[in-house]
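Worksheet: one structure, shown below.
Atoms within each ligand, like the ligands themselves, are counted from 1 in listed order.
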Amino acid sequence: MEESYEMLIIGAGPAGLTAGLYGSRSNLKTVIIEKGLVGGELLNTEAIEDYTGFEHIKGVELAELMERHARKFGVEINTYEEVKSVRRADGMFEVKTVNELSGEENLYRAITVIATAGGTPSKLGVVGEDEFAGRGVSYCAVCDGAFFNGQVITVVGGGDAAVEEANYLTRFGSRVYVVHRRDEFRAQKILQDQLSQNPKAEMIWNSAVEEIKGNGEVDRVVLRDMKTDEVREHPTQGVFIFIGFKPNTYFLDDHPAHDEGGHLITNERMETSVPGLFAAGDIRSQMVRQITNAVGDATVAALAAEKYITHLKHVQSESGA
Ligand code: NAP
């Protein structure tokens, strides 16, 4: 199959669905390609309490509402279809995909592409991590910290994210332990100083989480001391894992400018260094990774893409192309 679009969006999380809403509402021929189900990270989030206007909503319900809203304006959404490559050729993008169910390969052409494919928090890969995801195990302090008010929280990691988020989590937890596999953090000194001065925080050095246990919800983790090999159980209700985050940019052949962590660098119009390629949400280099700013990015990206297309058409009609 080969199809042409004015706007092609990669990923159907909050950013992708918002870009799809604005693209189709602007009467652009718009398609969203999603490798799994519609919703993105929303589907891994049990409850959301920080999306303005929704005091409490299940992630899956918000995904359904966002999808319905985007579809109202006519956006096409192709699920279970993974983007394999995005390449600029003759002023258009060629996007190759594979249908995850049928194995069929497809080629899309598009004037603009908005990358909203998010990223993947690195996992520990220990027993209990998947089982208790959303039931004690979290990868987002701002999203889930408030669920652990007055409880014992354990943070895993030693980079900027772990140390910064451990500090933040002390406003909720009765005590916040930071488990790190070495005896020093790699985080910035200023973040480390804030944490060491925080009376609610305590470091557990040279230790690895070997298993996450509980009964329906997390109630303890198994820790191994890397120096003595001693194994013990550590009671905790929350386990926040910050051991890195990998943005999903592997399909971009044109190598747009990115930061140290691989996130795409954009200007204020969400344009990347590749003309016609925009980025929004977690894939983009920025300070926070929240639903609110993902939909904000996507709004800007879609409206800027619409202006880019209008300008391109104007230039082409002037030149008689
Ligand atoms: P990171 O800097 O890559 O740090 C990952 C941490 O997790 C390291 O301490 C690492 O230990 C540990 N780790 C990795 N794999 C592990 C495993 N399997 N088991 C246990 N521990 C493991 O990642 P990040 O903290 O997410 O930061 C990513 C990027 O965003 C960085 O460039 C960071 O500077 C930036 N960032 C900046 C800010 C800020 O400026 N305020 C805030 C957040 C993030 P080792 O140290 O032993 O390798």
At a 4.0 Å cut-off, with the gap strictly under it, does some heavy atom of [X] reach an atom of ligand 1?
X	value
Met287	no
Gln188	yes
Gly244	yes

Margin query: Could you check whether Glu94 pairs with Lys96 (Lys NZ or Arg NE/NH1/NH2 to Asp/Glu carboxylate O, under 4.0 Å)?
Written below: no
Please check if a non-hydrogen protein atom sits closer than 4.0 Å to [atom].
atom	answer
atom 40 (O) of ligand 1	yes
atom 14 (C) of ligand 1	yes
atom 33 (C) of ligand 1	yes

Next item on the list: Could you find the nearest protein heavy atom to atom 24 (P) of ligand 1 and give me its residue, atom name and distance?
Entry: Ala161 CB, 3.8 Å
Item checked: Ring geometry between Tyr108 and Tyr5 (parallel below 30°, tilted from 30 to 60°, perpendicular above 60°) -> tilted
Next item on the list: If the plane angle is over 60° it's perpendicular, under 30° parallel, otherwise tilted; pick one for Phe242 and Phe240.
Entry: parallel
Next item on the list: Measure from NZ or CZ of Arg289 to the centre of the six-membered ring of Phe245 and say whether it is under 6.0 Å with the direction within 45° of the ring axis.
Entry: yes
Checklist line | Test side-chain contact (heavy atoms from CB on, under 4.5 Å) applied to Ile10 and Val86, Thr116, Thr97, the passing residue | finding: Val86
